[in-house]
**Q** 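Have a look at this one before I ask anything.
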Amino acid sequence: MASPSKGHTTPRLRQRPSSNPDTSSFEYQQVQDDEHVAEVYQNPRNRSEVERFFESSQGSFIVVSALTALALALRFYKISFPDQVVFDEVHFGKFAAYYITHQYYFDVHPPLAKMLFGLAGWFVGFDGSFLFDNIGDSYITNNVPYVGMRALPAVLGSLTVPIVYAIMKESGYSTIIAAFSASLILFDNAHIAQSRLILLDAALIFFMSLTVYSYIRFRKYRYREFTFEWYTWLFMTGFWMACTWASKVNGVLIVATIGIAVLIDLWDVLDSRKEGHTMEYFWNHFKARALGLIVWPITIYLFFFYIHFSILYQSGPGDHFMSPAFQETLAGNEMLLNSKEIRYYDVVTIRHKDTKVFLHSHPEKYPLQYEDGRISSQGQQVTGYGHNDTNNHWRIIPTKSLPETGRGRIVRNQDIVQLLHVNTDTHLLTHDVASPLMPTNQEFTTWPRNDHSRHNDTLFQIQLSGDFNDSEPWKTKSGHFRLIHVPTKVALWTRAKQLPEWAFKQQDVNGNKNANDKTAIWFVDDIIEDQFGEEPVDRGSDAPVKVPKKMNFFRKFGELQLLMWQHNAGLTASHPYASGPINWPFLISGISFWTNNDDKKQIYLIGNIVGWWTCVIGLSIYVGILGADLLARRRQMDPIPDPVRNRLWNNTGFFLLVWAVHYLPFFLMSRQLFIHHYLPSHLASALIAGSVLSFVLSETVNYPISIVGPKTRLRPSQYADTGLKGFAIVILFALLLFLLFVFLAPLTYGTPGLTGEQVNAKRLLSSWTLHFAAKKTHDV
């Protein structure tokens, strides 16, 4: 069939792709309308020699090889500099060391990327003895093979570039357009700076880009559903999605992205107006996606945590974040080795889990009247005290009959007890009187031991924190508990708030009406003496046990997940380089990773302003095109051919979904935010920019159906023709990107040092907080 002249179309073909084996290469096209309509705009023979060469497999291989080689060169260039700890290497280098020494740690991020750092460190001979304590600590002095550890993110960051290229090629764009999108990542200073250090984002973005690539490959098999290839790319999408999720906490956003895309896909499958779309057909699709994109990724995600727990079996710096039951699974943990069963009439010291103050009392009374005019009970003060003192000693008094000897004298979960303050011979008491600093909470005081008139007000129940039965013994160290007042059901509680001078500025202790408050947890620090006034000796089963206890994996996993989310949400402290999401696409400010005052050198995380602003323009044009098209169609005009529109909505629309889901949620977060949180969205915006450039430059589009003799055949190579002008524009733009990259390179690599005037010249925006800048003077 002769090809139409430029700008004209062939008749529309309304033929569903044939099941003939000759049509198996249909896998290469993503954009079809609902009726499987295709247009043939131009015959490949009309292309120039240059275009034909670059669209050939040989030309494409040369381009992707060049992109990859350049990416490796730019990310490995001077990777040994600086030979000091930089920015968050203090965290992620330290965590890699803990994997090598098997010490348990706690972090808000999932473990995969950090385990890879640990594996890289182990592979290059790191023994884990250096703990990356401070920014600026020397790697050379401490014999740390840091280059090998930095090489891992450098490789992943480099490989992201050809993956971006592959995403565009698989989406049906020409080689030159694919190279354009890849160049936006290749020459970006922020991506390069982030990929040269022991940081998580290179792994996050690498796995995210593989997820996008795999999902596009999966969608391209949608007319060959339930084949081996279809299932392969479905499960590859799920695997890379799990890796992204397991690398950094905001990797969960790729899960949301794929989830939304799948829901849109299933909504289309549910359309009964289409031939063959029965409910059985729908449920087959639903079950396949549930298996490949829910069950399989969750299994992989859990597997990474199983490895994490298996490696970190030793007691470490993260112990105190975890529950006592969890801590007792770690070899060498203090709770495992030193916890003792508590018996009635033992004298103990009690500490608050969060603030670590001792439960304390002394003979001084509450004042008659507080500053706000309220009246107190004038009872004996009960406070929190940060130092060891005899006024911290409390004796456990039973409220039930006990055997003379034996294990019946052990205090157990749910037992009701009295606490006798040893130095003043008074019982702990709380009552319906407002506490000194919180009128909504109850005052804690004491009552003379021999006065039984308020016996009921001195009764407290021991409630062990965790999943324990009533017969569980109460232990020191590991026996975290709530002390619940029997008559009023309030919990003994404290916070980091000091009382006035009349209480020697000790910590406020009161009764919290929310007995389940997670901060109302205490533990017995030590047993001072037993009922005979002697220091307790080993008590049979209380003798230190060196064998760690067992805990169900899912309990450990659930506990850690809850803590990760809680602590991540709690990162609300201010930071000098924190910035809001509205600033990120425009590069309003960056992050100072490292400075050397002696040589006036600085690593400053900031993107290539030409590339980032181009992406913003691309996003704006794309949204404008869709808006204009919707408005035109509303007025019965059809300015964009159906195949082009389908590419814009389906393919570029998916890129926009990736961008939006990885960007917009940050507007709802109150935690610390930095510009590097935008890097996944920047990658998506680079894909959109390439798509928009193709739309703007292309006069013709090749699509996968062409007529050859009497048969309908499917071509594996289809793309938007941009012509030689597109080739020239992309080459010039890449050159401009490279020149600006070189201009900002001293801030990306931290070398060479710059004079104050040179620093001023690098400050393309006045909001960039660069060190060593010269003070500007003005003539008077």
Side-chain angles (χ1 to χ4, degrees), residues 87-88 109 157 160 164 181 184-195 197 199-206 208-209 212 244 247-254 256-257 568-569 571-593 603-623 655-690 692 737 740-741 744 747-748 762-770:
F87 194 55
D88 277 352
H109 296 294
T160 301
V164 170
S181 290
L184 288 168
I185 307 301
L186 170 64
F187 296 121
D188 185 68
N189 299 74
H191 281 275
I192 292 172
Q194 198 77 14
S195 299
L197 302 168
L199 305 174
L200 303 184
D201 293 84
L204 171 77
I205 296 168
F206 172 75
M208 169 201 148
S209 60
V212 172
T244 311
S247 294
K248 197 173 181 182
V249 68
N250 49 312
V252 73
L253 296 175
I254 196 64
T257 302
N568 186 63
L571 297 174
T572 57
S574 61
H575 191 283
Y577 293 102
S579 57
I582 193 66
N583 301 318
W584 299 340
F586 308 99
L587 292 176
I588 301 301
S589 62
I591 309 171
S592 180
F593 274 5
I603 295 178
Y604 189 73
L605 180 76
I606 200 70
N608 187 313
I609 201 166
V610 170
W612 284 53
W613 286 11
T614 297
C615 290
V616 171
I617 293 171
L619 280 164
S620 304
I621 293 174
Y622 175 67
V623 173
F655 298 156
L656 183 68
L657 176 67
V658 177
W659 175 85
V661 173
H662 284 81
Y663 178 52
L664 299 181
F666 287 105
F667 285 93
L668 306 176
M669 298 181 187
S670 58
R671 59 150 291 168
Q672 285 177 1
L673 296 173
F674 301 91
I675 192 173
H676 62 72
H677 289 119
Y678 186 71
L679 292 178
S681 286
H682 174 257
L683 183 143
S685 68
L687 301 175
I688 296 171
V692 169
L737 276 176
L740 189 61
F741 158 74
L744 295 175
L747 303 178
T748 302
K762 306 296 181 188
R763 182 183 285 157
L764 299 181
L765 298 180
S766 61
S767 54
W768 293 5
T769 51
L770 301 182

**Q** Applying side chain to side chain contact (heavy atoms under 4.5 Å, CB included), name anything that partners Thr244, two or more places apart in sequence or on another chain.
**A** Leu204, Phe207, Met208, Thr211, Ile254
**Q** What residues form a ring pair (Phe, Tyr, Trp, His ring centres under 6.0 Å) with Phe655, not counting sequence neighbours?
**A** none
**Q** To the nearest 0.5 Å, what is the distance between OG (Ser685) and CD1 (Ile617)?
**A** 11.5 Å
**Q** Could you pull out all residues at least two apart from Asn583 that satisfy side-chain hydrogen bond (donor to acceptor under 3.5 Å, both in side chains)?
**A** none
**Q** Can you pull the side chain to side chain donor-acceptor pair (under 3.5 Å) pairs that have at least one residue in residues 655-670, sequence neighbours excluded?
**A** Trp659-Tyr678
**Q** Would you check if Ile588 and Ile675 make a side-chain contact, meaning some heavy-atom pair closer than 4.5 Å?
**A** no
**Q** List the atom of Val164, the atom of Leu683, and the distance in Å for their closest heavy-atom pair.
**A** CG2-CD1, 3.8 Å
**Q** Using the side chain to side chain contact (heavy atoms under 4.5 Å, CB included) criterion, which residues pair with Asp88? Sequence neighbours excluded.
**A** His91, Phe92, Leu199
**Q** Rounded to the nearest 0.5 Å, what separates atom CD1 in Ile192 from atom CG in Leu605?
**A** 11.0 Å
**Q** Applying side chain to side chain contact (heavy atoms under 4.5 Å, CB included), can you list everything that pairs with Leu764, at least two apart in sequence or on another chain?
**A** Ile609, Leu740, Phe743, Leu744, Trp768
**Q** How close do Cys615 and Ala689 get, counting heavy atoms only, and between which atoms?
**A** CA-CB, 4.3 Å
**Q** To the closest 0.5 Å, what do you measure between CD1 (Ile591) and OG1 (Thr769)?
**A** 9.5 Å
**Q** Could you tell me which residues satisfy ring pair (Phe, Tyr, Trp, His ring centres under 6.0 Å) with Phe206, sequence neighbours excluded, listed by chain and number?
**A** none
**Q** Hey, mind stepping through Tyr604 and Lys762 against side-chain contact (heavy atoms from CB on, under 4.5 Å) and telling me if it holds?
**A** CA-CA 11 Å; Tyr604 189 73; Lys762 306 296 181 188; over 6 Å; no
**Q** Quick one: are Leu253 and Pro680 in side-chain contact, heavy atoms under 4.5 Å?
**A** no
**Q** Grab the two heavy atoms, one from Asn608 and one from Leu737, that are nearest each other, plus how far apart they are.
**A** ND2-O, 2.9 Å
**Q** Within this structure, what is the CG-CG distance for the pair Leu656 and Leu687, rounded to the nearest 0.5 Å?
**A** 11.5 Å
**Q** Could you tell me which non-hydrogen atom of Gly690 sits nearest to which non-hydrogen atom of Ser181, and how far apart they are?
**A** CA-OG, 3.3 Å
**Q** Sequence neighbours left out, what passes side chain to side chain contact (heavy atoms under 4.5 Å, CB included) with Val616? Give chain and number order.
**A** Pro585, Phe586, Ser620
**Q** If the condition is ring pair (Phe, Tyr, Trp, His ring centres under 6.0 Å), which residues does Phe666 pass it with, not counting sequence neighbours?
**A** Trp584, His677
**Q** Rounded at 0.5 Å granularity, tell me how far OG1 in Thr614 sits from CG in Leu184.
**A** 6.5 Å
**Q** Looking at every heavy atom in both Val692 and Gly618, which two are closest together, and how far apart are they?
**A** CG2-O, 3.5 Å
**Q** Report the relative orientation of the aromatic rings in Phe87 and His676; use parallel for angles under 30°, tilted for 30 to 60°, perpendicular for over 60°.
**A** perpendicular
**Q** Could you work out, with ring pair (Phe, Tyr, Trp, His ring centres under 6.0 Å) as the rule, every residue matching Tyr577, not counting sequence neighbours?
**A** none
**Q** Identify, with sequence neighbours excluded, every residue that meets side-chain hydrogen bond (donor to acceptor under 3.5 Å, both in side chains) alongside Asp201.
**A** Gln194, Lys248
**Q** Just verifying a value: how many Å separate Leu200 CG and Ile205 CD1, rounded to the nearest 0.5 Å?
**A** 11.0 Å
**Q** For Ser589 versus Ser767, what's the shortest heavy-atom pair and its separation?
**A** CB-O, 4.2 Å
**Q** Run the side-chain contact (heavy atoms from CB on, under 4.5 Å) check on Phe187 and Val610 step by step: do they pass?
**A** CA-CA 10 Å; Phe187 296 121; Val610 170; over 6 Å; no
**Q** Which residues pass the side-chain hydrogen bond (donor to acceptor under 3.5 Å, both in side chains) test with Ser592, not counting sequence neighbours?
**A** Gln602
